[in-house]
Protein chains: 2
Amino acid sequence: MYSSQLLKGTYQTLILKLLQDHPRMYGYEISQYLKEHSDGEIQLPEGSLYPILHKMAEEKLVKMERVHIGRRVRRYYSLTTAGVAEATSKIDEFNRFMATMKLLLKPNLKPL
Amino acid sequence: MYSSQLLKGTYQTLILKLLQDHPRMYGYEISQYLKEHSDGEIQLPEGSLYPILHKMAEEKLVKMERVHIGRRVRRYYSLTTAGVAEATSKIDEFNRFMATMKLLLKPNLKPL
DNA sequence: TGTAAATACATCGTATAACGATATATTGTT
DNA sequence: AACAATATATCGTTATACGATGTATTTACA
């Protein structure tokens, strides 16, 4: 599990990316996906997940639809047009950020 | 300039890395170094820099020495033994984190 | 059949990191 | 003389995230 310090600020980008690749996903599904695809290193807690999803809905980056599964109501999220643009932009920014960090953290080869 | 969201949580790692590669540095020097080596994309503001440095000194990750430069007092920071270990550990964690993020943000190749 | 685990959503209060604004003083440049 | 750059510092605010906790349904299994 990575330090929460590190993960902060990446959640939104990760969620946007997942919704970019999948037509729609629900909260629990998102958290499970991240856990499984990160070897358990990324565990997005509910206390963070749902507020982020609600905020993104408020900002019109995602739209939500309630789907009845038996007696249970599941909330599916999908990207809006603005969300698609935001996803592209955030992912691009993160990639540039990684390139910069890679340079800065590059091992410093010193002569013996 | 990357969104402050993204930078959060990386400052400490960056500072530890700089002090790992340089025998000693002072605050202003650190901020200038990051700015220059990131194409201006990382501008660590004073309001963030000094509190971080003070906290790291308090945690005994760095030691500080005052050096008189003419009439001015410059505060040099260098890694303690604990700081050297922390630097290695933080840099390693960040590298693993980047590998995970790279996988998760990998372009999703779809057939046309 | 009972119960524990997994699924699924939610919110409140707290913690803390980072930042903008602001302040002080020296040194170099025009 | 005035401005930019160097150099450090702190205060108050904001944003984000998180732990704890709560509710309810569904599945597994003993």
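Reminder, nothing fancy here: chain letters follow the sequence lines and each chain counts from 1. Keep in mind that the numbers below use all heavy atoms, side chains included, and drop hydrogens, waters and symmetry copies.
Nucleotide dC18(D) holds its P atom 13 Å from the CD atom of Gln12(A), rounded to whole Å. Whole-Å rounding puts the Glu58(A) CD to dT16(D) P distance at 12 Å. The distance between atom CG of Leu49(A) and atom P of dT7(C), rounded to the nearest whole Å, is 14 Å. Distance, Leu44(B) CG to dA9(D) C1': 14 Å, rounded to whole Å. In this structure, the CD atom of Gln32(A) is 10 Å from the C1' atom of dA8(C), given to the nearest Å. Rounded to an integer number of Å, the gap from His68(A) NE2 to dA24(D) C1' is 15 Å. Atom CZ of Arg72(B) and atom C1' of dA7(D) are 5 Å apart (whole Å). For Ile30(A) and dA10(C), the CD1 to P distance is 12 Å, given to the nearest whole Å.
Summary of the strand contacts: Thr10(A) and Arg71(A) both lie near DNA chain D, and taking for each the nucleotide with the nearest heavy atom, the more 5' one is attributed to Thr10(A). Closest-nucleotide positions on DNA chain D for Gly47(B) and Gly70(A) were compared, and the one nearer the 5' end corresponds to Gly47(B). Two residues, Gln5(A) and Ser48(A), neighbour DNA chain C, and the one matched to the more 5' nucleotide by heavy-atom proximity is Ser48(A).
In this structure, Ile52(B) reaches the sugar-phosphate backbone alone: every heavy-atom distance under 4.0 Å involves primed, P, OP1 or OP2 atoms, never a base.
With hydrogens and angles disregarded, a donor-acceptor distance shorter than 3.5 Å links the side chain of Asn95(B) to the backbone of Ile91(B). Lys17(A) contributes a side-chain N or O that, together with a main-chain N or O of Lys106(B), makes up a donor-acceptor pair within less than 3.5 Å.
OP1 or OP2 of dA7(D) sits under 4.0 Å from a side-chain N or O of Tyr26(B). For Tyr50(B) and dT8(D), the shortest distance from a side-chain N or O to OP1 or OP2 is below 4.0 Å. One finds a side-chain N or O of Tyr11(A) lying less than 4.0 angstrom from the OP1 or OP2 phosphate oxygen of dC18(D). Side-chain N/O atoms of His54(B) include one lying less than 4.0 angstrom from OP1 or OP2 on dT10(D). Proximity of Lys55(B) to the phosphate of dA17(C): a side-chain N or O atom is located under 4.0 Å from OP1 or OP2. Residue Arg74(A) has no polar side-chain atom (N or O) positioned under 4.0 Å from OP1 or OP2 of dT25(D).
For the pair Lys90(B) and Gln20(B), the minimum side-chain heavy-atom distance is 4.5 Å or more. In this structure, Met64(B) and Leu53(B) have side chains that are not in contact, with every pair of non-hydrogen atoms separated by 4.5 Å or more.
The listed nucleotides are dA5(D), dT10(D), dC9(C); the one nearest the side chain of Glu46(A) is dC9(C). Of all nucleotides listed (dA10(C), dA6(C), dA17(C)), dA10(C) comes nearest to the side chain of Arg75(A).
Note on residues 73-99 of chain A: pairs passing ring-ring contact (aromatic ring centres under 6.0 Å, His included), not counting sequence neighbours, are Tyr26(A)-Tyr76(A), Phe94(A)-Phe97(A), Phe97(A)-Tyr2(B).
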